[in-house]
Amino acid sequence: MASHFSRNQRFSFAALLLLFELFAVNLITADAQIGVCYGMMGNNLPAANEVISLYRSNNIRRMRLYDPNQAALQALRNSGIELILGVPNSDLQGLATNADNARQWVQRNVLNFWPSVRIKYIAVGNEVSPVGGSSWYAQFVLPAVQNVYQAIRAQGLHDQIKVSTAIDMTLIGNSYPPSQGSFRGDVRSYLDPIIGYLLYAGAPLLVNVYPYFSYYGNPRDISLPYALFTAPNVQVWDGQYGYQNLFDAMLDSVHAAIDNTRIGYVEVVVSESGWPSDGDFGASYDNARVYLDNLVRRAGRGSPRRPSKPTEIYIFAMFDENGKSPEIEKHFGLFSPNKQKKYPFGFGGKIVMDDFNATNPLKSDM
């Protein structure tokens, strides 16, 4: 068929088409890096099959489960949703001290559902620390990780399913400037062997990163715009790296802490991040909306220290959970228990700055 367009028009049309395709790829990349944590500590939450439908209808393609809830795993079959599957801290001792227990756990919760459930990571324990309230569990984390890994490896799935554990930022001793990030001296004997295993297994370290709690703990030195991704320019220069938001600075302090162990290169997956909409200082609907919206948009790129690989991020959490405490923990949801969105969130695009006035008073200062 003869073309009705001139050569220049055809060139312009081709250029526009290419730009559109690049834009679409960028959206897909950003979308693909975001997951949402499905917590169940509430007595008014929807049934698991309804929750998985809610993920799919909102184009949420990744999920974190904190335990191998059988109804959720059944509902995830053939959903296309990639999964972080959690081992609760209460199960660590049994998996650590008996390899048969680990094999049975893997059979029951992984092999019975694979590959129709796309399990990507197994998080063996959450926020265990050798100091503090969870210290008793620390002795079991690495042996449990290794036993689960060996059970996965025996099935030839160790390249598809990575076994790790999730830590929080309390294990970081120094985080400023980010390049000087280091783990606390009193956790190194716990964490260094775990990092060594992760290097061997080619698995990432899962880290829960909450700028909200850093801001909450130090509002004198940390500005709200810096915490919410709305600072207009670089706030912290650290050698060649410039930081315009606290999330990137916290994440890179973890990257540096791993590097500074000199064990080797281990990637980081942000296994939780969020902002509460109520319940304490700095927690408001507007703050949460701006943080979460910008966090989703942030996911399409890497950090200043590791710019080449987009950061994989899991938002905490899918629902407000009325069974959690203290009060602040009840208000992290993207959705209300009635499945209504709390925020008009989407995937991809630019950081939102023009719809938030950082001089507005916080709605829930206490």
Side-chain angles (χ1 to χ4, degrees), residues 30-31 33-37 39 58 60 62 64 168-169 175 207-219 221-236 243-254 269-301 303-304 310-321 324 327-336 341-366:
D31 176 23
Q33 303 308 319
I34 277 286
V36 179
C37 302
N58 285 277
I60 303 168
R62 290 180 173 170
R64 180 179 179 185
D168 63 22
M169 293 295 293
S175 61
V207 184
N208 301 339
V209 180
Y210 284 95
Y212 168 75
F213 289 113
S214 295
Y215 170 71
Y216 177 94
N218 190 11
D221 295 325
I222 297 173
S223 74
L224 184 59
Y226 186 53
L228 294 178
F229 298 93
T230 58
N233 47 44
V234 170
Q235 304 293 292
V236 173
Y243 293 92
Q244 198 166 336
N245 65 79
L246 179 56
F247 178 91
D248 278 350
M250 293 174 72
L251 178 57
D252 270 357
S253 74
V254 179
V269 168
V270 177
S271 45
E272 289 181 16
S273 190
W275 196 287
S277 59
D278 199 1
D280 211 327
F281 170 81
S284 71
Y285 176 86
D286 281 342
N287 289 348
R289 173 182 59 82
V290 171
Y291 178 81
L292 293 167
D293 196 358
N294 284 330
L295 182 66
V296 169
R297 296 164 190 269
R298 155 69 182 77
R301 60 178 175 80
S303 67
T311 309
E312 191 175 336
I313 299 170
Y314 291 77
I315 295 174
F316 185 84
M318 191 64 172
F319 298 105
D320 286 340
E321 298 173 62
K324 300 201 75 171
E327 180 66 22
I328 192 74
E329 296 279 346
K330 302 180 195 294
H331 302 284
F332 276 88
L334 293 172
F335 290 80
S336 299
K341 281 185 183 180
K342 285 171 63 178
Y343 313 104
F345 73 97
F347 294 93
K350 297 179 179 177
I351 298 293
V352 175
M353 299 181 69
D354 57 359
D355 62 348
F356 179 77
N357 180 357
T359 61
N360 285 343
L362 300 177
K363 286 191 168 55
S364 58
D365 281 2
M366 295 174 67

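The side chain to side chain donor-acceptor pair (under 3.5 Å) check on S253 picks up nothing, with sequence neighbours excluded. The side chain to side chain contact (heavy atoms under 4.5 Å, CB included) check on K342 picks up S277, D320, S336, with sequence neighbours excluded. Qualifying side chain to side chain contact (heavy atoms under 4.5 Å, CB included) partners for F213, counting only residues two or more places apart in sequence or in other chains: Y210, E329, F332. When the side chain to side chain contact (heavy atoms under 4.5 Å, CB included) test is applied to D221, the partners found at least two apart in sequence or on another chain are N218. Annotation: side chain to side chain contact (heavy atoms under 4.5 Å, CB included) contacts of Y216 (sequence neighbours excluded): Y212, D280, F281. Applying the side chain to side chain donor-acceptor pair (under 3.5 Å) criterion to D252, with sequence neighbours excluded, gives Y243, H255, S303.
The shortest side-chain heavy-atom distance between Y291 and N287 does not fall under the 4.5 Å cut-off. S273 has its side chain within reach of P211: a pair of non-hydrogen atoms, C-beta onward, lies under 4.5 Å apart. A 4.5 Å side-chain heavy-atom check between V254 and M169 finds at least one atom pair inside the cut-off. Using a 4.5 Å heavy-atom threshold, the side chains of V290 and F229 count as separate.
Taking both residues in full, the closest heavy atoms of Y226 and A249 are given as OH-CB, 3.5 Å, listed atom of the first, atom of the second, then distance.
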Checklist entry - Would E272 and D168 count as a side-chain contact (heavy atoms from CB on, under 4.5 Å) if you check the C-alpha gap in whole Å, the side-chain angles of each, and the deciding distance to 0.1 Å? => result CA-CA 9 Å; E272 289 181 16; D168 63 22; over 6 Å; no

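With I313 as reference, V270 is the one residue of V209, V296, L251, V270 to meet the side chain to side chain contact (heavy atoms under 4.5 Å, CB included) rule.
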